[in-house]
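Computed from a predicted structure; not experimentally measured. Because only heavy atoms are used, hydrogens play no part in the values below, and waters and symmetry mates are left out as well, while side chains stay in.
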Amino acid sequence: MKQNFTKTYYRTANCLTSDIMADFAPVSRVLGVDTSSGMGVLFTAMGTRFDLEYVGKEVFMATENYEADTRSIDDAPVAEVMRYVRGELVKTDKVPENLKPFVETILKGESVYKTYKEYTEGAADADILYLISPAADAAKNAGLMARAAEKLGKSVLSTNKFGDCGYLKLQIAAFDKEFEPCCCIKEEMSKHALVVTDDSYVLDALLIQYPECADKIQFVDAFIADNREAFGVKPAKAAVHESGVINRLYPERQVCYGSLLGEDVRYPERSGYDVTDSGLCGGLGLAYPENLTAIAARRMMDLNSLGADVIITPCACEAAGLNCAEKGTVKTLLEYVFE
């Protein structure tokens, strides 16, 4: 990334400032205006000088950049460029003043979620390690996963003590050499036969840092799909908000919701590889909560228009973001199956 940044920048800037792309760039789509002094949607304020500090606001505001990737005609890695710029801003101490407390919280390894409280329940030598989303109600979700494990005749250790497993550090450090993954996570995973998480951003962080453990790590929807009969999953007239992380980055891990929830599964227009995120984006959206609620409200309008009996998402973090909207009434897949 670093050695090719000049070329990548121009591709990204051209991509994001084109009329075709404008509706898929979150800043213009959510706010309705360009925020770079009329010069474009994102990054154009850098010009030829690459003055990254001039786009500090935008680069932390942009929480749905994989949508832009899907529209890039020359495969410009928009999300990767944004992550790179965030990392450079942090390393050169050019983070916008209003975002410094947010960034410092992440760098200290603390949670950006105000409702987060460390929680652990279960046996240390359990068959399943359940990594609870830091955005979720930990005690409630641990109880739901305990029901799942009981149906399988297995034991489970449920915890959120690792927070987002380094996801936000990865998002602002851009794989900087100074970034050191929390080795105790890998040590904990080694004690259990299966690792399940209901947070797609936690999943992403684990697969990036520990690819050698990929075979024993499952997203919650795959876990439920693999054990559908044992869990007695009931058909639903459901609107499904898929995981953007899975669809864009790990398509081989996709679950067929038609097979899981029945034939009356409904998807909004932006779905599959083009799925719109809730705006929370693993916590990054909390840098600009007003944009988070705007993105969530737009997505809820799409989901509510489908006329389903229930709106379901597999990701607890996405559910938390969507439920920030005034009309947010989203259940996680774990809640739907086990409540």
Side-chain angles (χ1 to χ4, degrees), residues 60 63 83 86 99 101-122 128-146 156-173 179-189 192 195-210 217-221 223 241 243-246 249 277-289 292-293 295-296 313-324 328 330-335:
F60 277 91
T63 61
R83 178 162 56 178
R86 285 194 293 268
L99 294 176
F102 176 78
V103 170
E104 288 170 0
T105 296
I106 294 169
L107 293 177
K108 287 188 292 186
E110 299 175 359
S111 179
V112 297
Y113 301 101
K114 292 182 179 179
T115 58
Y116 171 80
K117 292 182 180 179
E118 187 174 314
Y119 182 90
T120 298
E121 177 182 305
I128 302 169
L129 172 63
Y130 168 40
L131 296 175
I132 309 169
S133 170
D137 181 332
K140 174 185 175 181
N141 284 22
L144 297 176
M145 184 57 77
V156 60
L157 173 64
S158 300
T159 186
N160 66 359
K161 69 178 180 179
F162 301 112
D164 66 8
C165 294
Y167 177 79
L168 284 175
K169 280 189 176 181
L170 287 167
Q171 289 301 312
I172 66 172
F179 177 79
E180 294 183 4
C182 181
C183 295
C184 56
I185 303 176
K186 185 175 182 181
E187 181 182 348
E188 184 64 60
M189 289 195 295
H192 310 275
V195 179
V196 178
T197 182
D198 58 358
D199 191 310
S200 57
Y201 303 97
V202 167
L203 178 80
D204 188 28
L206 293 177
L207 295 178
I208 288 171
Q209 296 172 83
Y210 312 108
I217 300 171
Q218 273 194 314
F219 192 40
V220 66
D221 58 356
F223 171 69
H241 173 78
S243 163
V245 171
I246 298 293
L249 304 181
D277 292 331
S278 68
L280 191 50
C281 197
L284 189 62
L286 292 173
Y288 285 99
L292 159 61
T293 53
I295 294 169
T313 182
C315 179
C317 186
E318 287 290 287
L322 291 169
N323 285 326
C324 287
V330 179
K331 281 183 175 288
T332 66
L333 182 61
L334 194 65
E335 289 171 332

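Considering all non-hydrogen atoms of both residues, Gly163 and Tyr116 come closest at N-OH, 4.1 Å. Leu203 approaches Gln218 most closely through the heavy-atom pair CD1-C, 4.3 Å. Between Pro314 and Leu333, the closest heavy-atom pair is CA-CB, 3.9 Å. Closest of all the heavy-atom pairs between Ser278 and Gly321 is OG-CA, 3.7 Å. Ser243 approaches Ser200 most closely through the heavy-atom pair OG-CB, 3.3 Å. The heavy-atom pair separating Leu280 from Cys317 by the smallest distance is CD2-O, 3.3 Å.
Remark: Ala319 engages Thr313, Asn323, Val330, Thr332 in a side-chain contact (heavy atoms from CB on, under 4.5 Å) (not counting sequence neighbours). With sequence neighbours excluded, the residues forming a side chain to side chain donor-acceptor pair (under 3.5 Å) with Tyr119 are Glu121, listed by chain and number. Looking at residues two or more places apart in sequence or on another chain, you find no side chain to side chain donor-acceptor pair (under 3.5 Å) involving Thr115. For Tyr130, the ring-ring contact (aromatic ring centres under 6.0 Å, His included) criterion is met by no residue, not counting sequence neighbours.
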Scan the side chains in residues 102-112 for donor-acceptor partners under 3.5 Å anywhere in the protein, sequence neighbours excluded, and list what turns up.
| residue | atom | partner | partner atom | Å |
| --- | --- | --- | --- | --- |
| Thr105 | OG1 | Pro101 | O | 2.9 |
| Ser111 | OG | Tyr113 | N | 3.1 |

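In this structure, NZ on Lys186 lies 14.0 Å from CZ on Phe162, to the nearest 0.5 angstrom. A distance of 7.0 Å separates CG in Asp204 from CG in Leu207, rounded to the nearest 0.5 Å. In this structure, Met189 CE and Cys184 SG are separated by 10.0 Å, a value rounded to the nearest 0.5 Å. The CD1 atom of Ile128 lies 10.5 Å from the CG atom of Leu157; values are rounded to the nearest 0.5 Å. With values rounded to the nearest 0.5 angstrom, Arg86 atom CZ is found 11.0 Å from Leu99 atom CG. A distance of 5.0 Å separates SG of Cys315 from CZ of Phe219, quoted to the nearest 0.5 Å.
Counting heavy atoms from C-beta on, the side chains of Phe60 and Leu284 come closer than 4.5 Å. Between Thr159 and Leu129, the closest side-chain pair of non-hydrogen atoms falls below 4.5 Å.
For the salt bridge (Lys or Arg N to Asp or Glu O under 4.0 Å) condition, the pairs that include at least one residue of residues 157-166, sequence neighbours left out, are Lys161-Glu188.
In this structure, Asn160 contributes its side chain and Lys117 its backbone to a donor-acceptor pair below 3.5 Å. For the pair Gln209 (side chain) and Cys165 (backbone), a donor-acceptor distance under 3.5 Å is present.
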message = As a quick check of understanding, evaluate side-chain contact (heavy atoms from CB on, under 4.5 Å) for Glu335 and Lys140, giving each step before the final call.
response = CA-CA 9 Å; Glu335 289 171 332; Lys140 174 185 175 181; 2.7 Å; yes
Chi angles and distances behind the side-chain contact (heavy atoms from CB on, under 4.5 Å) call for Ile295, Asp277 = CA-CA 8 Å; Ile295 294 169; Asp277 292 331; 5.9 Å; no
key: Residues Ser133, Asn141; criterion side-chain contact (heavy atoms from CB on, under 4.5 Å); working and verdict   = CA-CA 9 Å; Ser133 170; Asn141 284 22; 5.8 Å; no
request  = Start with the C-alpha gap between Leu131 and Asp199, add the side-chain angles, then the distance that decides, and say whether side-chain contact (heavy atoms from CB on, under 4.5 Å) holds.
outcome  = CA-CA 8 Å; Leu131 296 175; Asp199 191 310; over 6 Å; no
